[in-house]
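Heads up: the structure comes next, in structure tokens.
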Amino acid sequence: MNYEKMLSSSILSEKLKMDTMDCFEKYKPTQKQAEKIIKKIEETYIKMSYEAGEAVGVVAAQSISEPATQMTMRTYHTAGSVVKQVSLGLPRLIEILDARKEATTPIMQIYLDPEHNNREDATKIAKRIKETKMKNIVLEDVIDLVNLAIEIKLDTSYLKDLQMNKEELIKLFNKQIRGYDIKIEGNRIELKSKKEEVTIRDLQKIKLKIFDMRLRGVSGIEQAMVTKEGEEWVITTIGSNLRKVIKIEGIDPKRLFSNNIKEVEKLFGIEAARNAIIKEACGTLADQGLTIDPRHIILVGDMMTIDGEIKAIGRYGVAGSKRSVLARANFETTVKHLTEAAVNGNVDNLDSIIENVLINQVAPVGTNICDIVFKPKKSKK
Amino acid sequence: MTSVFLNWAFIGEVKNPKTLVNEIKKKRRSGKISNEVNVYHDESLDEILINDSSGRIRRPLVIVKNGTPALKKNHLRDLEKGKIKFDDLIRKGILEYLDCDEEENAYIALRPQDVTKDHTHMEINPLLMFGLSSSLIPYGEYDRGDRVNFGAKMIGQSLGFYTSNYVVRTDTKSNILLYPQTPLVTSVSYDVFKLNKHPAGQNVVIALLTYGGYNMEDAILINRGSIERGLGRSFFFRTYQIEETRYGGGQVDEIKIPEKDVRGYRSEDSYSLLSEDGLISPETNVGDGDVLVGKTSPLRFLNRGEFLTGIQNRRETSLVLRHGERGVIDKVILSETQNGDKLIKVTVRDKRIPELGDKFASRHGQKGVIGLIVPEEDMPFTESGVVPDIIMNPHSIPSRLTVGQLLEMLSGKLAALEGRKANATIFNGEKEADLRTSLKKMGFKEDGKEIIYNGMTGEKMEVEIFVGMIYYQKLEHMVANKIHARSRGPVTLLTKQPTEGRANEGGLRFGEMEKDCLIAHGAPLLLRERFSSDDSIMPVCEKCGGMGVYDWRKNKHFCPRCGKSKIKEVKMSYAFKLMLDELKSLMILPKLHLGE
């Protein structure tokens, strides 16, 4: 049976055609059945598509923001859980739509390749990823005011865990802290300046620098937890650093996920960012028990990424890049847009909705999308 | 070391916080230091806060020592006889006032029988935990906290007999309930606050029943017979005020019927209610826009010597009844202001008979508006022929858990049967078990249910219905004060758009979000129509894109800027035209390019 030929003449989108093809190959319908199925799909497809002139943007905005108003009060807390509180609900949604550079709670999901898909390897990788700073293993710190030195007492058990020895530690210190003599005795470290004149403020600065020294792990990853999802072992991290993590052996780079959209865009490109926006927004709403037609969110995702870079929904992003001066002035920072337009001598062609509502003309949406295109012949007189 | 703070200011440290605290308490109780001093030991922060500042809220409690309250029977006897006063008890160290901080250190027993060795204080009466309004709620301890709060709020909104000299008072706005009753189910607070002299509600027979569904979503059905017998009737008084002011330059206002050549003269008809002195007489019926006091004032911004000859050198500034109100003139008071100007106060009285949409509430936060006024013959009746005044929807009960209201109904029913008042003071009310046995003795079902017949069909209802007596309040939110609609009406000068608010006969705004809805529906033509309240046709110069002007002499439009008369008339919202003008004033020149 040549299903492909039958489908090629249909009006369906490529994706739908592919999906139907897969189903046909699985169930092998007869010619008649297949025709019937295609017809039914086409009917539904047409029914589901928007008519010309439908104000999809406004409908999307309303469909997302109405349930969002109900979200405000419903923030639930999980008591006693090891997992750090993840920002969700309305704050998270705003974060996504505002296209913030940094997510308040960046999270990664790291899947492993088949060879490393076991508990031992997962925990090993998790330990490798987790960032340990000096301040995590410091027991006691003193600034000796008489000798002008810094004394630090370390928790040696941690050092053992990190498989770090004295030499390595000294190497690290020499690399990061310049101009100081380092003495290590047991679990005590003593730093003394090589210079004669050292102020206490300098010492304080150096102390903070020492505290911030990274001993092990990937920078930015505060926590890494190993969980089991079905048959698979997954590492969930707090903090995100895709660029470093993707190089680590044993992980599955194809399924590596971070909720930090800007980071996804940088590493994987704008298409991935679009998908990340849609996935994150849908996920946040679904977590709150709200169901929205995903197409509304897809539209938002498309608008945010249409230029090849992520634009926020708002003054500096999507709304700020409208063509019409009046439409922009109507939204926010009226004066800025009007003066700019005056300086540049901009012309507003009044061809979109808001401008026409503003001067009270019939806006080109819905029933007014159609127009008579007829040029009467000029009478020769 | 424990830090010690005096009025939140650090004053020092002590080694033994307990000794300091106990010493201060001891001295205060013995009267050596003022009883207004309170001391609080915060053990978690290791701080002592001593406070004697003003503005703290404090409440009296009985001191308990070694498991026995200091207040004895002989104190009460002496109090009753008038031998001692409340203040004496405080001076003697029997009672003391605690502020909210010191209360944290106290362990307070509710009743004498609860007192143990650990207790430091005992309530004088558990009712004292409540405020003025919330202590009025009968069986309030059976209601959920939020409902008590709502109930207390609504008691404050109820209409009643708030003063007995309302006949001579001139409050700008006041309400008086016509047949107020003291509640059948009361609490001691009513006596304490003398509210039996100022009741604000009526006792009604109430049934929990849906009866047709006009009482869904908290609405109530009300018996027309009861309304006609005076249930929920009230007076609404509004006092208007006008002065005969003297201005500089010897000009004065004049209170009299305005002459016809006055600027802004109304029709002759509007002044027909006034007597010769320009004042309206008491007991005349007045309606929308009637003049209460006729007054003329001198023209504004008119310098001396610049008098217009004859006609129109005064303007009309009469006192007019508010838009949409009506009533009867209750009293007209002639007086004078501090400056010696003539002052007139006119009080208008409006009788408000309960109507669809008026708000009523019980004392348990169960509010509702009238959903239907049922003719008495259609109301359901009990076996013995009792017809309820109000039918409340039973769905209001389970989610709100106002058990206090159910108990009030039961208790009110018993009180009515026995011809007495029932005591339902919070924590000290008559017990439910007693109510049940007494009801049974009176020949009624102990759970308060009744066999009910449908008033419209005469059939017996399949289930028994809970019927009782309850105290109901009419609240000050009446539809007569709120109803508002307009088709055409006044517009603001600046934007030519409709005015705002009920008082100004304003329009109802079709706002931003409503606009979005019409766009979402793809109905731009309807949207244009909605927004055309300030439509205007503007002459626009085709050449320079500026606004044109109309030349009356030549009966022609022309452009004042380029002098051409190539003018097209363009329809736009006046607000847009105004915006263009404002842009010009900001040194931005907008131009309109005209197309087909």
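Lettering of chains follows the sequences in order, A, B, ..., and the numbering in each one begins at 1.
- With sequence neighbours left out, E51(A) forms a salt bridge (Lys or Arg N to Asp or Glu O under 4.0 Å) with no residue at all.
- If you check the side chains of S133(B) and K153(B), you find no donor sitting under 3.5 Å from an acceptor.
- With hydrogens and angles left out, the side-chain atoms of S3(B) and E47(B) include no donor and acceptor closer than 3.5 Å.
- Both the backbone and the side chain of L338(A) come within less than 4.5 Å of a heavy atom in chain B.
- Judged by distance alone, the side chains of T402(B) and D143(B) never bring a donor and an acceptor atom under 3.5 Å apart.
- Taking 4.5 Å as the heavy-atom cut-off, the residues of residues 574-589 of chain B that approach chain A are F576(B), M579(B), L583(B), I588(B), ordered by number.
- Side-chain contact annotation: S533(B) with D535(B), donor-acceptor N/O pair under 3.5 Å absent.
- Interface residue K515(B): only side-chain heavy atoms are found under 4.5 Å from chain A.
- At a 4.5 Å heavy-atom cutoff, I369(A) makes no contact with chain B through either its backbone or its side chain.
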- Message: Could you go through K322(A) and D348(A), starting from their C-alpha distance and side-chain angles, then the distance that decides it, and tell me whether this counts as salt bridge (charged side-chain N to carboxylate O under 4.0 Å, His left out)?
- Response: CA-CA 11 Å; K322(A) 282 181 185 173; D348(A) 194 319; over 6 Å; no
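- Between the side chains of Q361(A) and R528(B), no donor N or O sits under 3.5 Å from an acceptor N or O.
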